[in-house]
Each structure stands twice: as C-alpha cells, then as structure tokens.
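Sequence lines set the chain letters: A, B, ... in the order given, protein chains first and strands last, and positions in each chain run from 1. Note: hydrogens, waters and symmetry copies are ignored here, and every other heavy atom, side chains too, is used.
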Amino acid sequence: MIQKILIANRGEIAVRIMRSCREMGIRSVAVYSEADRASMHVRYADEAYHIGPSPSSESYLKMEKIIAVAKESHADAIHPGYGFLSENAEFAKLCGKEGIIFIGPTPHAMSTMGDKITARQTMINAGVPVVPGTRKKIIKPEDAKKVVDEIGLPVIVKASAGGGGKGMRLVEKESQLMDAIKAAKSEALTAFGDDSVYIEKYISSPHHIEFQILADKFGNVIHLCERECSVQRRHQKVVEETPSPIMTPELREEMGKTACAAAKTVNYDGVGTIEFLVDDKLNYYFLEMNTRLQVEHPITERVVGIDLVKEQIRVANGEPLHYKQEDIRQMGHAIECRIYAEDPDQNFMPSPGLVRHISEPRGLGVRTDGYVYAGYEIPIYYDPMISKLIVWARTREGAIARMKRALYEYKISGVKTSIKFLESIMKHPNFEAGNYNTHFIDDHFTALFKETQPCDVECEDLAVVTAFVDYLDKLENLTNISPPMQNGSYWKKYGRIKNVARI
Amino acid sequence: MELEIKINQRLSKVKLISRNNNQIRVKVDDRIYDVDLCKVEESEYSVIYNGQSHNIEVIEGETSKRYIANTYFKSFDIEIVDAESRYQQNRNKGALDQTANTISTPMPGKVVRIPVVVNQKVSAGETVVVVSAMKMESEYKVSRDAVIKKVMVKEGDTVKSHQTLVIIE
C-alpha cells in the first residue's frame, strides 16, 4: 500500500495531486527548485526538499536527484503530474529499477505511444482509424511524393517525436513539399533530438475531441466519455468542455469503444487520453495518446463524479477498477478555462511578476485549481498557466452563463492575464451556439479582440478621480510621518535614549 | 487642491471641491463628480457613482506619481503632473532621442542569445537580442539600420522589465 507519494512537479497540478493524497491519508513530498521556495506546493506538502537551481533542466527534470529524494524521504511512489517527466519512459524505468512505484503506465506503453510513427502503426494493426498518410518515417523524397499522390493535397509533415505544434509543416502545393520536409526535420532535430518525420492528410476544419481512459493492471479498461478541446491558440488548448456540442450518443459509444481498444493494445493501465480528430461529417481519426493525467481532467471529474488522481493511486496500488462501464454517467455540463499570465493585448506576451492581489470566484458550481496567492512572484522559468477555472451546470447554456459570472469575479492584479480574452470567447455567438472547430480563434480573431464595452469619458474620469484621491491620501500620510533618521546613526539615537532613560 | 493628471494621452485639470469621509466632490475639467469612494483593499477602490458600483484598481508605477489604473474593461497609464514632474519633463526633453537608441524588454526574463557584437552594423528588422520567459522566446529587433554601440547584458543574465539591453547608434 502506498503511504507516501513524492510529487515530481510544481504549480497547480502538484497542489491538485496533494489534495487527493490528503483525502486518502497519504503523506505528500514536494520537491522544489530555487525559484519555487515560496511556491504553494511547497507550503501545502507534508515534506519538501530542494532539488536544484531554477531552470527545469537543472531541477524538475533531474531524474537521479528526484529518485534520491524519494529514497531519502522513504516515498513509496512518485506522481509525475503532467509535463516535465510525466511521459518519460526512461524515468519510469529508473523508478522501477529503484523499487519506487511510478504512478502511470508501463515504460513500454509510454514509449510505444510516445513515438508517433510507432503509435500509428500500432493503431492500424488494432483496427483503429488513423488519419491517412505514411506508415513509416520518410527516408527518400520519392516516397513522400508517392504518398502525396495517393492521399492528395493538402498534407501535414509531422515530427515523430513531436508535440505542442513543433516540427509541423502544412503543405498546400506540391512544390512546397521538399522544403517542408527539410524544415520539419531540422526543427524536430533541435527540439526533440530526432529528425524522423511522416506525412498525414490535412483534415480541414477538424474538431479535437479526446476520450478519458481508466484502466487497471488486470486488463479492465473503461472510458469516462469525451472532452471537446477545439478552442486552441497555436496548438495550445484554451477552453475545454464536456459533453462535446457535436457528440451524439451513438458516436460516443463507438468512439469510446475504439478508445478502449486502442488502450488495450499496449496493455495500458492508469489514466490516459486518446485524442481524435473529428471532421464535419463526424468521421474520426486517432491522433495520439497522452499517457498521463491531462491538464483538463477536472471537467471529466465534474461530470462523472470520479476523482482521477485517486483512481491513479488505486491502480498503482494494484487494486482492480472500482467502476464498470455501465456505472459511468455524464451528469450535466462542465467547462474549463485556462488562465495564463499573458497579455492578450500584446500578442500574448508572457507576464511573470508579483501578484499583488488575487480574489478567486466562488459560489455554486465553481472550482478553481490554482497555486498563486497575493504576494507570490510568478517565476520566469516555467509555464505561464496560473490557474484553471472549472464550472458545472445542468445545461451547456447554464455552464456558459456561470463561466461568464465566474470570470467576472476573478481578479488578479500585478500581472496581466488572459481573463478578458476568455470572456470574449464565452460571449462569442459561435461559441454559444456550439458551432466551432480548431480554427475558431484564428477565424474570429478580430471579433474576439473587439472591446465589448468601450470606456467613455465618464469611465476614464472615474479612474482619474480614484488615482487623484489615492495620491492625495499618499501625500497626507507622507507629511504625517516623522522624517527618517537624518544622520542615520543609531548609536547616537541609542545614546540619547540612554541619557534620557537614566533620569 | 488642484492637480493636472494625464490619462493615456489626455491631460485634465482635477480639483477637489469637498470631501467628507467617503463622500467626495471632484471637478475634472468642467465636469463635476459626486462619488462615494472607498478603499477596500490594498490598491483596490470601490467607487459608487450615480448609483452604479465600479471597482477600480490603482497600482503605483515606477514613481509615486505614476499609476496603472484598471477598470473592469480597460487599463490606463495615469500620471500626476505637478511642478516637479513638469520640470523633470523639460529637463529630459533633450534625452528623448536617447530612448529610441535603446533596446529593452517590456517583461522580465532571461537572455538566451545575443547574435550581435559591439560595432557591428545591423539593418532594420535584424534581431539583436533574444529573451526567454515562461518557455517562450521573444526576439528583439532594431527598427532601423544602425550600429551596435554597447551591449549591456550577457547571455544567461536575468533581466528586469524595461531594463536596457542594447544601445545602438
């Protein structure tokens, strides 16, 4: 039985994992870099250990150091969260070798799914539909040409080790093909150290829909329904919701079965996510599998009522699943907005810095997973996501209204955030109608940045009046304070006090 | 008490007419405002005007006379212009061109690369420094043809926002 878990992560996800540990009576061990001494995960944990300088390559990615801390603190297991070491098969292997439970799938499942060409081949063998394209990596340029002739333009050249939109090139004309392959290869080599690329047909106006998988070590696999993640900016998810507005009960059942079959081919265990592309005619294609807890997992937790981190820990403990497929019901509608420390008015430039004041939304149906507090300085070294706002209501309409209300209540000052931008997404008629795909933000860029309520003279004047009063009060306070030590000598002051005190 | 206050580009005369605790009457240019203004938290004011409730945040900027004010929908730069700041402004007029000769970053971060050296000629649009913050790299370019006069930082340095990185000629 796992009694103590080291969380090899930081930020909101570390805190979120520790919350489940606390409910289960499991002790939590935090690790932190230099920049994170005052971070919330360090404050929340039962134990905390320093593991190195601020850059993640010297701290949160240092496998040996983290293993050493796990041994020193007698942790039974390591939870990797998402990002950092969460999809690193080497790390999972190392944990196994050192006798520490890695909370996640086997290294074999991770490496099969982590390499996109291998994953595609595995899915084709299992009868799971994949996007038409190459089965092997492109070696000779002639092969590439042959594939393009077969599947037709446009196509995408993708890096096998890729992710996050890196090492990807869209090809619309045959003349661009060779340059695109060259560019994708060099980008892939610098970003992932592997220049294998493959070609896939470009699906125009796709939806990005993923299925949450839950599996144990005894071959039981169930799915916890879908998440619609089509609102993306530069291949990064911004808003997620479940159920998907385009989903039908029949399609859900079919895709859910396919997702479970895909997970079974690699003897998957724990929680994982199968990502699909879905076109306008509801044809769906396997895109990739994420072998870890997802950022957007809370919306699934909310509609099915299952704590995914607890399930991960139970599976890691060797327990069989506590649920059967027929126990799973989607209740109501959940939406998540990711709040980033970015300035939407300046092309989403990162905005790290000191948080002066934060007040998070509360009330019925609202959950915030964050880690930032007033007086906390958001470091420059890590991801700009500061919090996730998750709302639930019985209907989609109700959930959108609640999200607008929650965003209105959310106040963070000191750093710039994407809250305003998220509000304009919620207000956009196409989002409200559920009529959107992965091009939503690009297609409606100007509309999303239009000021919904311009500030007139009166509104400007009120800001001026407020600053005026604040300045006047500041002046008054200044004149009331006695001047600081003129000559600055505390010895003289001490002497003077001593002299007086003698009397 | 009367002061000149600049909001973004607009300059207004602001005069306090009366004040009774939270009840404040202020004249901005020729407009009179009767507001109920109450400081509810550090830098955070609740302002009631004509029965409408507003939350306005005023954060002190680089000097005590500069503010960033946030209303619900907008963000403003506000500056109190008194005799001292007017004097400063006049003095700094000659130095204005100086700012056009510096490359600085609007955000804190870490210098990743400096692809130029002192005395190198660069043409408009060329990158002179790359700064990384929160996993994102931003390239800072020159807006005109120039010569690199001085490089104020080195690769690996952590920089503050608005710190001068490179001076050009």
Heavy atoms from other residues, nucleotides or ligands near CD of B/Glu42 exceed 12 (cutoff 6.0 Å): no
NZ/NE/NH1/NH2 to OD/OE distance under 4.0 Å, B/Arg10 and A/Glu460: yes
Top of B/Thr158, B/Leu3, B/Asn55, B/Asp29 for chain A proximity - count of heavy-atom pairs under 4.5 angstrom: B/Leu3
Part of B/Lys15 within contact of chain A (heavy atom distance under 4.5 Å): backbone
B/Asp30 with B/Lys13: basic N within carboxylate O range, under 4.0 Å: no
For chain B, the option from A/Ile378, A/Val465, A/Leu462 that forms the most heavy-atom pairs under 4.5 Å: A/Leu462
Among the listed options A/Lys420, A/Glu458, A/Lys411, the residue most often paired with chain B at heavy-atom distances under 4.5 Å: A/Glu458
Contacting moiety of B/Asp82, where chain A heavy atoms sit under 4.5 Å: side chain
Short N-O contact, A/Glu12 and A/Lys388, less than 4.0 angstrom: yes
Under 4.5 Å from a heavy atom of chain A, the part of B/Val14 involved: both
Part of A/Tyr340 lying under 4.5 Å from any heavy atom of chain B: neither
Winner by heavy-atom pair count (cut-off under 4.5 Å) against chain A, out of B/Ser138, B/Gly109, B/Ala69: B/Gly109
Passing candidate, side chain to side chain contact (heavy atoms under 4.5 Å, CB included) with B/Val116, options B/Ile148, B/Thr127, B/Val129: B/Ile148
Carboxylate-amine/guanidinium proximity below 4.0 Å for A/Lys474 and B/Glu60: yes
Per-residue contact mode, B/Ser75 against chain A (heavy atom under 4.5 angstrom): side chain
Plane angle bin for A/Phe421 and A/Phe449 - parallel if under 30°, tilted between 30 and 60°, otherwise perpendicular: parallel
Crowding at CZ, B/Arg31 (>12 non-hydrogen neighbours, <6.0 Å): yes
side-chain hydrogen bond (donor to acceptor under 3.5 Å, both in side chains), paired with A/Tyr382, selected from A/Ser33, A/Ser56, A/Ser54: A/Ser33
Toward chain A, the part of B/Lys39 with a non-hydrogen atom under 4.5 Å: side chain
Residue part contacting chain B, namely of A/Ala374, when any heavy atom lies under 4.5 Å: neither
Structural part of B/Gln52 lying under 4.5 Å from a heavy atom of chain A: neither
Interface moiety of A/Pro55 toward chain B, non-hydrogen atoms closer than 4.5 Å: side chain
Engaged part of A/Tyr471 at the chain B interface, taking heavy atoms whose separation is under 4.5 Å: both
Lys/Arg N to Asp/Glu carboxylate O, B/Glu155 vs B/Arg113, below 4.0 Å: no
Heavy-atom contact with chain A under 4.5 Å, split by part of B/Ile68: neither
Among the listed options B/Ser161, B/Ser132, B/Ser64, B/Ser43, the residue most often paired with chain A at heavy-atom distances under 4.5 Å: B/Ser64
Heavy-atom contact with chain B under 4.5 Å, split by part of A/Ser351: backbone
